[in-house]
Student: 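Handing you this structure, nothing more for now.
In this chain, numbering begins with 1 at the start of the sequence shown. Atoms within a ligand are numbered from 1 in the order they appear, just like the ligands themselves. Note that these values count all heavy atoms, side chains included, but never hydrogens, waters or copies made by symmetry.
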Amino acid sequence: MPRIEASDLLLVVDIQPDFCPGGALPVPGGDAVIAPVNALMDRFRHVAATQDWHPAGHASFASSHRGRQPFDVIDLGYGPQTLWPDHCVQGTPGAALHAALRQEPIELIVRKGFRPDVDSYSAFVENDRATPTGLAGYMRERGFRRVLCAGLALDYCVRWSVEDARRLGFEALAVVDASRAIDQAGSLGEALAAMRKAGVGDRLRIQARRLCRRAAAQAFRGEGAVAGRQAGVPAICGRRQDCARHSRSE
Ligand code: VGL
Ligand code: ZN
């Protein structure tokens, strides 16, 4: 398992009610990522998050295109774009960061997909593959060398983010144990292969049970514990090991 460094950024991707069971574009088991991500936050000095944030009538919504259904693929001028059910509409409850997600460690929230005509899966570059979100500049200015991405969905926003991170010169890791996939039309298998090819490498797993015991205890006391237990996420036990925050305070 890779050692967590002070120059690492944990990027929490799109943990929003619309991507959880009962939401507009539910990722199977999506809420199961909340407890492990809450626990992971304690292992990092620095945490950022993304928030999918579309205006009503967004070009990625099937409802914006006559005769189209969710999961159809059309050409939006910048290339193929999968169409989705209306989701994460700015200001709606489904677009909020999930209430069970710990908010206080998050230093930056990157909103994406707010241009009416362009979708953005990646936290770094929009789907036109040209418009930057600003996250690469933020990481460079703050001296972050590696980004570890966890959240939703593994085969779209997590995948595109880690691939772009590598392309832009950062180390990148997808925390697959703290992510879940939409997995339609083989997208999960394709994503895992593409991430490996992009040099995200074979270090894809951070095992939840290796998490620092005190961090885990804190996370499991919060609301995240409820989501975690409901989803059958095992209680995190494990050794107390190189947890950045706890080793500093002890
Ligand atoms: C996402 C589809 C549409 C994601 C966002 O967060 O992976 N997927 N918008
Ligand atoms: Zn979206």
Side-chain angles (χ1 to χ4, degrees), residues 10-34 37 48-65 68-74 76 78-98 101 106 109-129 131 133 135 147-165 172 174-176 178-192 194-195 200:
L10 175 65
L11 185 65
V12 175
V13 177
D14 294 1
I15 303 189
Q16 296 165 262
D18 270 350
F19 294 125
C20 292
L25 174 45
V27 178
D31 52 355
V33 306
I34 297 170
V37 166
T50 62
Q51 188 172 19
D52 212 40
W53 194 248
H54 301 304
H58 190 253
S60 76
F61 297 169
S63 65
S64 303
H65 305 273
R68 293 296 181 175
Q69 301 298 320
F71 307 105
D72 285 356
V73 179
I74 64 163
L76 269 193
Y78 54 72
Q81 169 70 49
T82 300
L83 297 178
W84 305 104
D86 291 21
H87 66 280
C88 296
V89 174
Q90 296 169 359
T92 62
L97 291 188
H98 197 291
L101 184 71
I106 300 173
I109 298 170
V110 180
R111 288 178 167 167
K112 60 182 182 58
F114 51 78
R115 287 172 216 279
D117 300 322
V118 187
D119 201 6
S120 190
Y121 297 150
S122 164
F124 292 94
V125 184
E126 298 190 15
N127 286 15
D128 62 4
R129 311 315 293 143
T131 307
T133 65
L135 182 59
V147 62
L148 290 90
C149 294
L152 307 172
L154 178 59
D155 42 353
Y156 288 94
C157 291
V158 172
R159 170 200 172 169
W160 286 50
S161 296
V162 290
E163 282 190 273
D164 276 352
V175 188
V176 294
S179 303
R180 290 292 183 282
I182 296 173
D183 198 13
Q184 60 100 23
S187 57
L188 175 58
E190 200 184 302
L192 292 170
M195 289 190 289
V200 175

Student: Got an N, O or S from C88 under 2.8 Å of the Zn ion (ligand 2)?
Tutor: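 No - counting backbone and side chain alike, C88 has no N, O or S atom under 2.8 Å.
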Student: Taking all non-hydrogen atoms of both residues, which atom of S161 and which atom of C157 are closest, and how far apart?
Tutor: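 Closest approach of S161 to C157: OG-O, 2.6 Å.
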Student: Can a donor-acceptor pair be found between the side chains of N127 and Q81 at a distance below 3.5 Å?
Tutor: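 Yes, because at least one side-chain N or O of N127 sits under 3.5 Å from a partner of the opposite role on Q81.
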Student: Please find out if the Zn ion (ligand 2) and some N, O or S atom of D119 are separated by less than 2.8 Å.
Tutor: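 Short answer: no, not a single N, O or S atom is under the cut-off.
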Student: Suppose you place the vertex at the Zn ion (ligand 2); what is the angle out to D52 OD2 and H87 NE2, to 10°?
Tutor: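 Value, to the nearest 10 degrees: 90°.
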Student: Set out, in order, the CA-CA distance, both residues' side-chain angles and the distance that settles side-chain contact (heavy atoms from CB on, under 4.5 Å) for L188 and L154, then state yes or no.
Tutor: CA-CA 7 Å; L188 175 58; L154 178 59; 3.7 Å; yes
Student: Is it true that some N/O/S atom of H58, main chain or side chain, lies under 2.8 Å from the Zn ion (ligand 2)?
Tutor: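 Of the N, O and S atoms in H58, none lies under 2.8 Å from the Zn ion (ligand 2), which means no.
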Student: State the atoms of ligand 1, each with its element, that fall below the 4.0 Å cut-off from a heavy-atom position in C157.
Tutor: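 Answer for ligand 1: 1 (C), 4 (C), 5 (C), 6 (O), 7 (O).
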Student: Using modelled atom types and a 3.5 Å cut-off, is there a donor and acceptor pairing between side-chain atoms of D18 and backbone atoms of A24?
Tutor: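 Here the side-chain-to-backbone pair exists.
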Student: Show me which atoms of ligand 1 lie under 4.0 Å from any heavy atom of D14.
Tutor: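 Heavy-atom distances to D14 below 4.0 Å select 4 (C), 6 (O).
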Student: If you define the side chain from C-beta out and look only at heavy atoms, does anything of L101 sit under 4.5 Å from V12?
Tutor: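 Yes, their side chains come closer than 4.5 Å.
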Student: Checking Q184 against Y156: is there a side-chain donor and acceptor pair closer than 3.5 Å?
Tutor: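 Looking only at side-chain atoms, Q184 and Y156 do form a donor-acceptor pair, the distance falling under 3.5 Å.
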Student: Please report the closest heavy-atom contact between C149 and V13, naming both atoms and the distance.
Tutor: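 Smallest interatomic distance, heavy atoms only, reads CB-CG2, 4.3 Å.
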Student: Could you tell me whether D119 and ligand 1 have an N or O pair separated by under 3.5 Å?
Tutor: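 No, no N or O pair falls under 3.5 Å.
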Student: Nearest non-hydrogen contact with atom 5 (C) of ligand 1 belongs to which option: T82, D52, L25?
Tutor: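 That would be D52.
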Student: Please assess H87 against F61 for the test ring-ring contact (aromatic ring centres under 6.0 Å, His included), listing each intermediate value before the final yes or no.
Tutor: CA-CA 8 Å; H87 66 280; F61 297 169; 5.4 Å; yes
Student: Between ligand 1 and H87, can you find any atom pair, the residue atom being a heavy atom, that is separated by under 4.0 Å?
Tutor: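 So H87 counts as touching ligand 1.
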Student: For atom 2 (C) of ligand 1, find the nearest protein heavy atom and state the residue, atom name and distance (0.1 Å precision).
Tutor: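 So the nearest neighbour among protein heavy atoms is W84 CE2, 3.4 Å.
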Student: Between D155 and ligand 1, find which residue part has any heavy-atom pair under 4.0 Å and reply side chain, backbone, both or neither.
Tutor: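 It is neither; nothing of D155 touches ligand 1.
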